[in-house]
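Input: a single structure, listed below in structure tokens.
Proteins get letters first, then strands, A, B, ... in listed order; numbering begins at 1 in each.
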Amino acid sequence: MSDAKSSAVSVELRLRVEDLYGQYIACLDEARFDEWPDFFTEVCIYKVMPRENYDRKLQLATMAAESRGMLIDRVYGMQNTLFHQPYYQRHIVSGLFVRGLEQAEGAQRILTQANYAVFRTKQNALSEVFNVGRYIDTIVEDEGRLRFAEKWCVFDSELIPNSMIYPI
Amino acid sequence: MNAPEPGFSAPVHWHWREDATSRVPYRTYTDEALYKEELERIFYKGHWCYVGLAAEIPQAGDFKRTFIGERQVIMVRDNDGAINVVENHCAHRGVAFCQQNFGKAKEFVCPYHQWNYDLKGNLIGLPFRRGVRQDGKINGGMPADFKLEDHSLTKLKVAEKNGVVFASFDHEVEDFDSYLGEIRPWFERAFDGRGLTILGYSRQRIPGNWKLMQENIKDPYHPGLLHTWFITFGLWRADQRSQMVMDAHGRHAAMISRKNEGGAGEVTKGVTSFKADMALQDDRVLDVVPEAWWKGPSACMQTIFPSLIIQHNVNSISTRQIIPQGPDAFDFVWTHFGFEDDTPEMTRRRLRQANLFGPAGFVSADDGEVIELSQVGFNQHPDYQTITELGGREVGNTDHMVTETLIRGMYGYYRKVMGL
Ligand SMILES: [Fe+2]
């Protein structure tokens, strides 16, 4: 936590960051998965990881990607190769804050965190809490827009209710 | 439930074919009384259950909490370096005193009345055992004939085999090597005594009977059909040199195969999951590098009855523990690991390939999905039965994968144990 650093973030930038999260979850919840990789930089880190692994510094992730290409492969994999019962996702994001700013190779990196809850609704079934956790992210300016250079989805949920098909 | 459950007085006979196991009655997967009897006869007696890897508790005092059947157990390393497994169940009031999945302890103290146990499970003390002195007299205390040594934690029999830890509530259980039987060389191929490193955990709850997961990894028929990645990239498909091996009882098995180049061939004709034009944007997920310990085969999937699956598929290795949760659900806990002599590149490769395996894995998320849907079918038609006849109705090892022999083998053993 560095209040001094995060207070240097302009109101305008904060609103852009907030908008990024709104766009991101709308993309997932509306199942526009082909657009999802474009929220990330070409070289990136995307991890969905149990909190126990994160806290104990174990590296295994439930989903892991290191490039936009791997994210595209994930989308192809879940849409064309993974048999699954289809479901809707609904993300609720709250408690977003800027953890700080970093300079890396002349570019500014915005460090953020937010809570999330994902509800799952399968066909002919009641809605249920699917996965809850927090995003620990790094955002950069890239090609005139904000993109995630890193997104860690660290989930509290001790058990995944059967399988996790779509990204968080 | 209002009415009490009927007792499991006599084994129920549900249309099993007289001396075959090529048809499994649906009730085998749904009946509550049968499930309770499975816990007694399979998980708590006569069998070894997986509890963990020695590398999870490297130091004295390190412990891991897990389950055998529905009972909580603690695997702990004591000050002599030995691994003990005790039940998480205070002798006094039954309290599950340990409430951490992993930790470090000098002793175990029950929070309720502070009965305390050493790391071998011996009761070493309890408050007010000799009473409390007040106004010149002793109040209370335990009876004179109360002996600490009569009230240890339940101690399980432990077998540590090349870094893998199994335990049994049954101290009469056969020794572990003979329990593994003919599967032992395959077990020792993966675990030859080298040090292991823990990469992390995945946990899922699958709404299906626990035996369905044993079946899934005794079923070489489905991977080249359900799993696009296997057939398209040649990781597992019916035109490969493979072996299906069982122990003499038919309870444990190994499915062994060698990857090929994939692509179109006789086995892809009419297989809708085959994607001829599938190409990865970033193929580092499939950057397979053969390892010396494979001694050839690129995959060996072992089922150690009743609670463990050992996965070796290309550079990804894991143990998968089955924890039953009633007749229609089980928890599935994955521990991905590597070896102490892995290079950083190999560790990264194992982690990348882990995208194929686990609750979101490209070739395993759908196993959970189909198991759930099988269970849906079983619940609807208690009098039906499955068909398990690929490769015939008999049981025996094969040198190909076009067979369901391993499933038939397991149910032959199961019928004997359950008296069905
Ligand atoms: Fe499978």
Open item on the list: Check this for me: B:F102, atom CZ, are more than 12 non-hydrogen atoms of other residues, nucleotides or ligands nearer than 6.0 Å?
Closed with: yes

Task: Region of A:P50 in contact with chain B, defined by heavy-atom distances below 4.5 Å - done: side chain

Open item on the list: Are more than 12 heavy atoms, taken from residues, nucleotides or ligands other than A:Q103, located less than 6.0 Å from that residue's CD atom?
Closed with: yes

Open item on the list: Can you tell me which portion of B:L351 sits under 4.5 Å from chain A's heavy atoms? Options are side chain, backbone, both or neither.
Closed with: side chain

Open item on the list: Taking side chain as everything from C-beta outward and backbone as N, CA, C, O, which of these in B:F332 sits under 4.5 Å from a heavy atom of chain A? Side chain, backbone, both or neither.
Closed with: neither

Open item on the list: How about CG on A:L15, more than 12 heavy atoms from neighbouring residues, nucleotides or ligands closer than 6.0 Å, or not?
Closed with: yes

Atom pairs, donor to acceptor, chain A/chain B, distance under 3.5 Å:
from, atom 1, to, atom 2, distance (Å)
A:E52, OE1, B:R203, NH2, 3.1
A:E52, OE2, B:R203, NE, 2.6
A:E52, OE2, B:R203, NH2, 3.3
A:N53, OD1, B:Y201, N, 3.1
A:N53, ND2, B:Y201, O, 2.9
A:Q59, N, B:L199, O, 3.2
A:L60, N, B:L199, O, 2.9
A:A64, N, B:N355, OD1, 3.0
A:A64, O, B:N355, ND2, 2.9
A:E66, OE1, B:R352, NE, 3.3
A:E66, OE1, B:R352, NH2, 2.8
A:E66, OE2, B:R352, NE, 2.7
A:S67, OG, B:D282, OD2, 2.6
A:D73, OD1, B:Q281, N, 2.8
A:D73, OD2, B:Q281, N, 3.2
A:D73, OD2, B:D282, N, 3.0
A:R74, NH1, B:A360, O, 2.8
A:R74, NH2, B:N355, OD1, 3.1
A:N80, O, B:K275, NZ, 3.4
A:T81, OG1, B:W229, NE1, 3.0
A:Q85, N, B:E369, OE1, 2.8
A:Q85, NE2, B:E369, OE1, 3.2
A:Q85, NE2, B:E372, OE1, 3.1
A:K122, NZ, B:E372, OE2, 3.2
A:I160, N, B:R203, O, 3.0
A:I160, O, B:R205, N, 2.9
A:N162, N, B:R205, O, 2.7
A:N162, O, B:Q204, NE2, 2.8
A:N162, ND2, B:G368, O, 2.9
A:N162, ND2, B:E372, OE1, 2.9
A:S163, OG, B:E369, OE2, 2.4
A:M164, N, B:P359, O, 2.9

Open item on the list: Given heavy-atom pairs under 4.5 angstrom as the criterion, report whether the side chain, backbone, both or neither of A:I165 touches chain B.
Closed with: side chain

TODO: Look at B:G368, B:G208, B:P359, B:G358 and state which one has the largest set of heavy-atom pairs under 4.5 Å with chain A.
DONE: B:P359

Open item on the list: Once rounded to the nearest 0.5 Å, what's the spacing between atom CZ of A:F83 and atom CG of B:L373?
Closed with: 5.0 Å

Task: Selection from A:A64, A:P161, A:A61, A:G77 maximising heavy-atom pairs under 4.5 Å formed with chain B - done: A:A64

